[in-house]
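Note that ligands are numbered from 1 as they come in the structure, with each ligand's atoms numbered from 1 the same way.
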Amino acid sequence: MKLVKTIAEVREITAEWRKQGLTVGFVPTMGYLHEGHASLIEASSANNDKTVVSVFLNPMQFGANEDLASYPRDIERDQKVVEAAGGDLIFNPEPSEMYHEGFSSFVDMTVLTEELCGLSRPVHFRGVCTVVAKLFNIVKPDRAYFGKKDAQQLAVIRHMVDDLNMDIEIIGCPIIREENGLAKSSRNTYLSASEQEAALVLSRSIFMGEKMVNEGERDAEKIIAEMTQMISAEPLAKIDYVKIVDLGTMQQIQRIEKPALCAIAVYIGKTRLIDNFFIENV
Ligand code: AMP
């Protein structure tokens with residue numbers, strides 16, 4: 001397993017792999033890797049000859065008042081996670097390697113990015129789309145792996161690949177959770193002991209909403225109301241949103257009649273956490 005810092009090195013290594021007829025899987029991350037990231041790397045290495053993992057804390061996808069400066073970093077630990085999960089190459093560029101002076105081209109998506117996290121994080125998806133498009137151009141993977149944990153991001157990336165005719169298969173992977181239900185996230189490290197306890201309200205409300213759907217409830221408002229009530233009862237929690245949206249457009253729906261997504265974002269203290277469940281078999 002190798003770690004490189006420059007675009008030229010990634011290009012050279014992956015070009016050699018392609019020359020040998022090897023398939024390349026790609027897992028983009030912001031680092032501080034946990035079992036959720038490891039599951040993507042494992043899925044990629046099971047289905048591709050080689051797996052590239054990018055570890056890049058992309059400044060462009062953070063708003064001015066967000067947690068770029070405090071985001072946890074530990075590249076040595078990350079290397080161990082990638083190695084154990086079967087990754088072959090880590091791309092860990094500096095921001096200056098990705099954004100040279102005078103950088104001025106962006107991938108800007110409408111509609112899908114204007115709901116859910118896009119409302120409270122207005123610059124986020126422009127940064128995500130731009131960096132993922134750049135990374136796709138650098139790595140040129142056959143397949144790229146994204147977690148369903150970031151459900152809107154997965155939908156946005158699928159849409160970008162389709163809109164811009166990128167010849168890459170996008171694979172969505174299941175949410176990996178702690179035993180207590182909390183979705184694994186690098187941001188969980190921000191939580192104090194009492195906040196960790198309070199954060200369980202996210203997965204509890206997700207499981208309750210999912211149960212309502214499985215038992216036949218199709219009225220989105222009823223599900224949202226129950227989930228909202230549960231989350232609001234937790235004193236340390238402050239709701240950003242609890243929504244049910246069309247899986248294709250990310251626009252809110254009243255009744256669940258097509259594949260949909262129930263997504264929540266909740267502040268636990270100062271930490272903003274997200275969770276969701278997919279409603280695919282309607
Ligand atoms: P991040 O480093 O947070 O940008 O995440 C990189 C990738 O890992 C994204 O595709 C995330 O959706 C995915 N990911 C993060 N947490 C989890 C999780 N708990 N389960 C599955 N995938 C995850």
Side-chain angles (χ1 to χ4, degrees), residues 25-46 51-63 66-68 70-75 77-79 81-82 85-87 90-93 95 98 116-117 121 123-136 139 141 143-161 168-191 196 199-200 202-203 206-207 261 263-266 271-278:
F26 177 45
V27 181
T29 81
M30 297 199 298
Y32 213 73
L33 306 181
H34 49 65
E35 289 87 343
H37 301 107
S39 74
L40 307 186
I41 301 168
E42 283 159 9
S44 173
S45 55
T51 291
V52 181
V53 180
S54 60
V55 173
F56 179 55
L57 197 49
N58 176 34
M60 199 192 283
Q61 70 192 65
F62 286 79
E66 294 181 356
D67 58 342
L68 176 63
S70 55
Y71 201 88
R73 305 167 189 231
D74 187 343
I75 190 67
R77 188 172 158 275
D78 289 347
Q79 289 184 63
V81 175
V82 173
I90 297 182
F91 178 40
N92 177 220
M98 292 296 280
L116 305 177
C117 290
R121 306 189 70 191
V123 301
H124 178 65
F125 287 111
R126 181 193 217 222
V128 168
C129 287
T130 302
V131 81
V132 171
K134 282 171 67 67
L135 290 165
F136 283 177
V139 177
R143 300 184 187 88
Y145 295 77
F146 292 85
K148 289 185 173 176
K149 158 89 191 324
D150 298 272
Q152 187 178 16
Q153 169 173 278
L154 174 60
V156 163
I157 298 296
R158 282 193 195 286
H159 204 78
M160 174 181 81
V161 163
I168 296 169
E169 188 184 351
I170 303 300
I171 318 276
C173 299
I175 301 177
I176 305 297
R177 299 177 179 279
E178 305 285 353
E179 258 174 45
N180 61 17
L182 180 66
K184 288 189 187 265
S185 165
S186 309
R187 289 191 168 97
N188 292 348
T189 53
Y190 297 148
L191 302 171
Q196 277 177 38
L200 298 182
L202 277 91
S203 51
I206 285 292
F207 298 151
L261 170 74
I264 66 176
V266 178
T271 306
R272 185 176 175 280
L273 300 174
I274 57 173
D275 205 340
N276 68 69
F277 64 95
F278 283 65

ask   = Can you name the closest pair of heavy atoms from Y145 and G25 and give their distance?
value =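 Minimum heavy-atom contact is CE1-CA, 4.3 Å.
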
query = Tell me, which residues have any heavy atom less than 4.0 Å from some atom of ligand 1?
reply =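 Lining ligand 1: P28, T29, M30, H34, G36, H37, L40, Y71, F146, G147, K149, D150, Q153, P174, I175, I176, K184.
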
I need the [X] [atom1] to [Y] [atom2] distance, nearest 0.5 Å.
X    : Y    : atom1 : atom2 : result
F26  : I41  : CZ    : CD1   : 11.0 Å
N58  : L135 : CG    : CG    : 8.0 Å
I206 : D275 : CD1   : CG    : 4.5 Å

query = Can R77 be said to sit on top of Y32's aromatic six-ring, NZ or CZ under 6.0 Å from centre and within 45° of the ring axis?
reply =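 Yes, R77 lies over the aromatic ring of Y32.
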
key: Counterpart residues, side chain to side chain contact (heavy atoms under 4.5 Å, CB included), relative to A199 (two or more places apart)   =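 Once residues adjacent in sequence are excluded, the partners of A199 under the side chain to side chain contact (heavy atoms under 4.5 Å, CB included) criterion are L182, L191, I268, L273.
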
